[in-house]
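In what follows, a single structure is set out as structure tokens and then discussed.
The basis for the numbers below is simple: all heavy atoms, side chains too, and nothing from hydrogens, waters or symmetry mates. Every chain is numbered from 1 and lettered A, B, ... according to where its sequence line falls, protein lines coming before strand lines.
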Amino acid sequence: MTEYLVCNEADIAEGRRKVVQCGHREIGIFRIKGQLHAWHNSCPHRQGPICQGHIYPRVVEPVDKQGQVRLLQYDEADQHLVCPWHGYEFNLETGRCNGTDRLKLFPAKITVRDGALYVLL
Amino acid sequence: MDAINPTRAVELPVQEIDVHTDTRDILAHANTGARKRGFQDWLICDVDAHHVETVSWHELVEYIEDPVIRHQAMLFHKEKLGGASYGLNGDMGLKYQDVGGRIPHQASLREKTEPGVHRDVTLTRRAMQSLGVDYMVLFPTPMLTLGLHPQPEMEVFLGRAYNRWLIDKVLSVDSRIKTLAYLPFNVPAEAERTIGEFSDKPGVIGFCVPSTRHKPIHHNDYMRSYAMLEERGLPIAFHAAYHWQDQSLATINRFLGMHALGFVWCNMVHMTNWILNGIPERFPKLKSIWVESGLAWIPFLMQRLDDQYLMRPSEAPQLKKLPSEYMRENCWYTTQPMETTNMKALQLTLEMINAETQLLFASDWPHFDFDLPQEIYDLPFLTEEAKRNILGLNAARLFNLDPKPVKVL
Ligand code: FES
């Protein structure tokens, strides 16, 4: 296993990211709700640069008691990483694909030591 | 593990892709994939890619033949505020393809381009390089609904201006960029004139009828155009699109639904008319290409038409075989957007359309549902020969292109 030094852990602010090359692999590290999450920059759809995509909250459509709908809303608690190639959306914390359980982001191992952030591959 | 002097990760220059990102950065993974699969030695023809011609509309209108309309158009672009393109109809702001900004390359490509080279040449070259493509066939984008223009003569003015502009600014500059020239089909005499005039122009390898239109393509008025194309050995492409004015789709409120059906429906209607009116019997050497409707619709239509035809052959008296046989032998199809969530269905589809000879790879870059050549390469059920045919050799035969790869990956 190789350990790659990325940056100081504190350098990744809430809602921000670092996408890095570690050897021939690319890893994206994101901070969401205070926690760091790391994913391979290879979309399970067609290997697109998922970690370089925009972040959007999940879109929901509340249904009232009569079964009617009126407005769309963002669910700020459920942040999605959107693949810039074709728009597949993945939960940033779990890697789950919005729409199917058949696809999931590939997780990468990270560790923090003495305030420094490392990717372990 | 060396804690004192650890291996350093390298920050990628592009952290987040946006509308200013270079095509080569957006498609960097595609390029890696192309190299990994050895595409250097594969002929890859991309039979459907796009540029946004309206970015250059102020230039294009200078190619309008009619001096009065040309003058008006040039003044319009010089003096009017706002982003409209002179004379162009269409869905205006109903263009939600980029999924609310989630897919930046669909929203726009605002990257820096090279001075002295036309923007569309640079962007097309970058896409070809990234995808590993030898030849790219360029189609317009907003003009794909020009067939619905309330002024038929405007389709003629703009369609012909587009052809002249594209040849002058793009096709003459790079022989790897090709086009199926715009046919102003609502005025049949002008379609004939266009075939006569543009057939042997640089980069023109056939002609395109944008499929969103209400004139029936089996009308007697078009027979001369078909005869001219058949005689010249040039294919005719029906390029699909959607439009919100289509009454048959009027209840659809989500772009997803409009896109899913609109891009297929127009070609299903034309194909039904094409076959049942015996156009392949009348012009057996005329090659028709059905572009950007995906593939899943074809097995449905084959079965549906075959079934109905056998019960009512008197209504299609020109047919000498089943509709599906014409669809498999006389028609070619572009791959994109290739439906892949059910691989068994895709495999059956490719068998039914005789993909080994009839299927042509298309990326549709830079649209949100673009495909990569590697999707064909990675299909588990095709032979290498079939993959090579689909990715390039079928197109080389159809368009008379040199089958030797010319790209440098
Ligand atoms: S590669 Fe990510 S959505 Fe297609």
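- Atom CG of A:Asp114 is surrounded by 12 or fewer heavy atoms from other residues, nucleotides or ligands within 6.0 Å.
- Residues A:Arg46 and B:Asp371 meet the side-chain proximity criterion, which asks for heavy atoms closer than 4.5 Å.
- For A:Asn41, the parts lying under 4.5 angstrom from a heavy atom of chain B are both the backbone and the side chain.
- Nearest approach of B:Ile17 to A:His54, heavy atoms of both residues: O-CE1, 3.2 Å.
- Once rounded to the nearest 0.5 Å, the distance linking SG of A:Cys7 with CZ of B:Arg8 reads 10.0 Å.
- In this structure, the side chain of A:Gln52 engages the main chain of B:Val14 through a donor-acceptor pair within 3.5 Å.
- For CG of B:Leu256, the number of neighbouring non-hydrogen atoms (other residues, nucleotides, ligands) closer than 6.0 Å is 12 at most.
- When heavy atoms are compared at a cutoff of 4.5 Å, B:Gln374 approaches chain A solely by way of its side chain, counted from C-beta outward.
- One finds a salt bridge joining B:Arg254 and A:Glu61 here, because a Lys/Arg side-chain nitrogen approaches an Asp/Glu carboxylate oxygen to under 4.0 Å.
- Interface check for chain A: of the options B:Thr340, B:Ile26, B:Asp369, the most heavy-atom pairs under 4.5 Å are formed by B:Ile26.
- Within a 6.0 Å radius of NZ in A:Lys109, other residues, nucleotides and ligands contribute 12 heavy atoms or fewer.
- Expressed to the nearest 0.5 Å, how far CD of B:Gln15 lies from NZ of A:Lys18 amounts to 6.0 Å.
- No donor-acceptor pair under 3.5 Å is formed between the side chain of B:Glu11 and the backbone N or O of A:Val19.
- Highest contact tally toward chain A, considering only B:His105, B:His367, B:Glu375, B:Gln106, is held by B:Glu375 [criterion: heavy-atom pairs under 4.5 Å].
- The part of B:Leu372 that comes within reach of chain A is its side chain, from C-beta onward, which places non-hydrogen atoms under 4.5 angstrom from that chain.
- Looking at A:Val119, there are no atoms closer than 4.5 Å to chain B (heavy atoms on both sides), in backbone or side chain.
- With chain B as partner, the option from A:Gln21, A:Gln47, A:Arg102 having the largest number of non-hydrogen pairs under 4.5 angstrom is A:Gln21.
- Judged by a 6.0 Å distance limit and a 45° cone about the ring axis, B:Arg102 is positioned over the six-membered ring of A:Tyr56.
- Both the backbone and the side chain of B:Ala30 come within contact range of chain A, with heavy atoms under 4.5 Å apart.
- Scanning residues 75-86 of chain A against chain B with a 4.5 Å heavy-atom cutoff picks out A:Val82, A:Cys83, A:Pro84, A:Trp85, A:His86, ordered by number.
- Within a 6.0 Å sphere centred on CH2 of B:Trp265, other residues, nucleotides and ligands contribute 12 heavy atoms or fewer.
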